[in-house]
**Q** 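The structure under discussion is supplied below as structure tokens; questions concerning it will follow.
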2 protein chains.
Amino acid sequence: MIPTDPFDALLGYHLRRASVAVMADLAAALAPLDLKPAEASILFTIAAADGITQAEIGRALGIQRANMAPIIASLTKRGLLAKQTADGRSQSLRLTQTGQTIHHQASAAAQDHEHRLFGHLPAAERQRLMTQLKTIWRAP
Amino acid sequence: MIPTDPFDALLGYHLRRASVAVMADLAAALAPLDLKPAEASILFTIAAADGITQAEIGRALGIQRANMAPIIASLTKRGLLAKQTADGRSQSLRLTQTGQTIHHQASAAAQDHEHRLFGHLPAAERQRLMTQLKTIWRAP
DNA sequence: TATTGTTATACTCTATAACTATA
DNA sequence: TATAGTTATAGAGTATAACAATA
């Protein structure tokens, strides 16, 4: 169809296409839990850093403060998170019992998704790929 | 801030973060030409496949027919593209003289962007990374 | 002064449905 | 029947600005 692929040598293009494909698979894997990837990433972060505030989560994940508010409100309303006063302006976040259950399920779904998509790569190669990707986004 | 990074072993997460960072840099690199990444990718495709139709471009780039229409209309209105009747329902697309000029500038900007972001990687390593990314998005 | 949480809002990207004209 | 182009529209995701409360 296209005689010479104009994107053949463009790493950024393939990075983008790969990201879109992988995110679509992850979204499908999390859909049964009624979780979007961003919501799952927030649960993962709270599970790993109990008592973290939503502003800190936003900085860690690259989500803006203004966009964190409705997501945290929704997860709290669903009974997955509990807020606890940290100081007068910020609140410590923790997973509720239900939140922990959903977190475990989301974690299993994400692991399964990763294994399904990347399990065929030799461990060393997969590790090198991951290191390269980390370098790319943490560089700037 | 976060004691143990819950995303440390999740390839998909770093793929996504890397893609977002790279796309932001590309968007900034193309902004002086008043081109978005998607528009530039369409110019690249037409330059490589003169006379291609917009439905074919959409399939090649993963852009839906309905979303191609306004983009092609805009590029045509700006004088970068010319339409020529292929058959009664489809049109061959070509770059105008202006379109070719912009295409060359966009190509140079993209090359510069790639070199700036990935130039530090050894050629062999960069090639392997690209091959892995191609495999990931072309697999499903 | 700076930060947190929040609201409002706008813009882009993407997805679906429906229509016509043509093959 | 299937495809191309188009329009309308809805839903995400993301961006900025502003505000009150607090540090």
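Any value given below was found using the heavy atoms of this structure, including those in side chains, with hydrogens, waters and symmetry copies removed. Within every chain, numbering begins at 1; the chains are lettered A, B, ... in the order of the sequence lines, protein sequences first and strands thereafter. As the structure is a computational prediction, the values presented were derived from the model and not from experiment.
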**Q** Run the salt bridge (Lys or Arg N to Asp or Glu O under 4.0 Å) test against B:D87 and tell me which residues pass, sequence neighbours left out.
**A**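 For B:D87, no residue satisfies salt bridge (Lys or Arg N to Asp or Glu O under 4.0 Å) once neighbours in sequence are set aside.
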**Q** A:I72: what forms a side chain to side chain contact (heavy atoms under 4.5 Å, CB included) with it, not counting sequence neighbours?
**A**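 Here the qualifying residues are A:I42, A:Q54, A:M68, A:T76, A:L81, A:K83, A:L93.
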**Q** Mind checking ring pair (Phe, Tyr, Trp, His ring centres under 6.0 Å) for B:F118 and listing every partner two or more places apart, or none if nothing turns up?
**A**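 Partners of B:F118 under the ring pair (Phe, Tyr, Trp, His ring centres under 6.0 Å) test: none.
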**Q** Report the residues that fulfil salt bridge (Lys or Arg N to Asp or Glu O under 4.0 Å) with A:R94, sequence neighbours left out, ordered by chain and then residue number.
**A**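 With sequence neighbours excluded, A:R94 shows a salt bridge (Lys or Arg N to Asp or Glu O under 4.0 Å) to A:D50, given in chain and number order.
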**Q** Can you pull the side-chain hydrogen bond (donor to acceptor under 3.5 Å, both in side chains) pairs that have at least one residue in residues 114-124 of chain A, sequence neighbours excluded?
**A**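 Those involving residues 114-124 of chain A are A:D25-A:R116, A:D112-A:R116.
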**Q** Need two values: the first and the last nucleotide of DNA chain C, 5' to 3', having an atom under 4.0 Å from any heavy-atom of chain B.
**A**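 So the contact region on DNA chain C extends C:dC13 to C:dA23.
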**Q** Kindly state each residue pair satisfying ring pair (Phe, Tyr, Trp, His ring centres under 6.0 Å) with at least one member in residues 16-37 of chain A, sequence neighbours excluded.
**A**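 Non-adjacent pairs meeting ring pair (Phe, Tyr, Trp, His ring centres under 6.0 Å): zero.
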**Q** Could you note down all residue pairs passing side-chain hydrogen bond (donor to acceptor under 3.5 Å, both in side chains) where residues 9-18 of chain A supplies at least one of them, sequence neighbours left out?
**A**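 The answer is A:Y13-A:R17, A:H14-B:W137.
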**Q** Sort and list the pairs that fulfil ring pair (Phe, Tyr, Trp, His ring centres under 6.0 Å) and have at least one residue in residues 76-109 of chain A, not counting sequence neighbours.
**A**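 Every ring pair (Phe, Tyr, Trp, His ring centres under 6.0 Å) pair that includes a residue of residues 76-109 of chain A, provided the two are not neighbours, is A:F44-A:H103.
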**Q** Salt bridge (Lys or Arg N to Asp or Glu O under 4.0 Å) with A:D8: which residues, sequence neighbours excluded?
**A**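 By the salt bridge (Lys or Arg N to Asp or Glu O under 4.0 Å) rule, A:D8 matches B:K134.
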**Q** Shorter than 3.5 Å, N or O on both sides, protein versus nucleotides 3-5 of chain D: list them out with atom names.
**A**
unit_1, atom_1, unit_2, atom_2, d
D:dT3, O4', B:R89, NH1, 3.4
D:dT3, O2, B:R89, NH1, 2.9
D:dA4, OP1, B:R59, NH2, 3.4
D:dA4, OP2, B:R59, NH1, 3.2
D:dA4, O3', B:R89, O, 3.1
D:dG5, OP1, B:Q91, N, 3.1
D:dG5, OP2, B:A55, N, 2.9
D:dG5, N7, B:R65, NE, 3.0
D:dG5, O6, B:R65, NH2, 3.1

**Q** Could you write out each protein N or O paired with an N or O of nucleotides 12-17 of chain D at a distance under 3.5 Å?
**A**
unit_1, atom_1, unit_2, atom_2, d
D:dT14, OP1, B:R16, NH2, 2.8
D:dA15, OP2, A:Q64, NE2, 3.2
D:dA15, O5', A:Q64, NE2, 3.4
D:dA15, N7, A:N67, ND2, 3.2
D:dA15, N6, A:N67, OD1, 2.8

**Q** Do A:E125 and B:Q132 have side-chain N/O donor and acceptor atoms under 3.5 Å apart?
**A**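 The criterion, which ignores hydrogens and geometry beyond distance, is satisfied for B:Q132 and A:E125.
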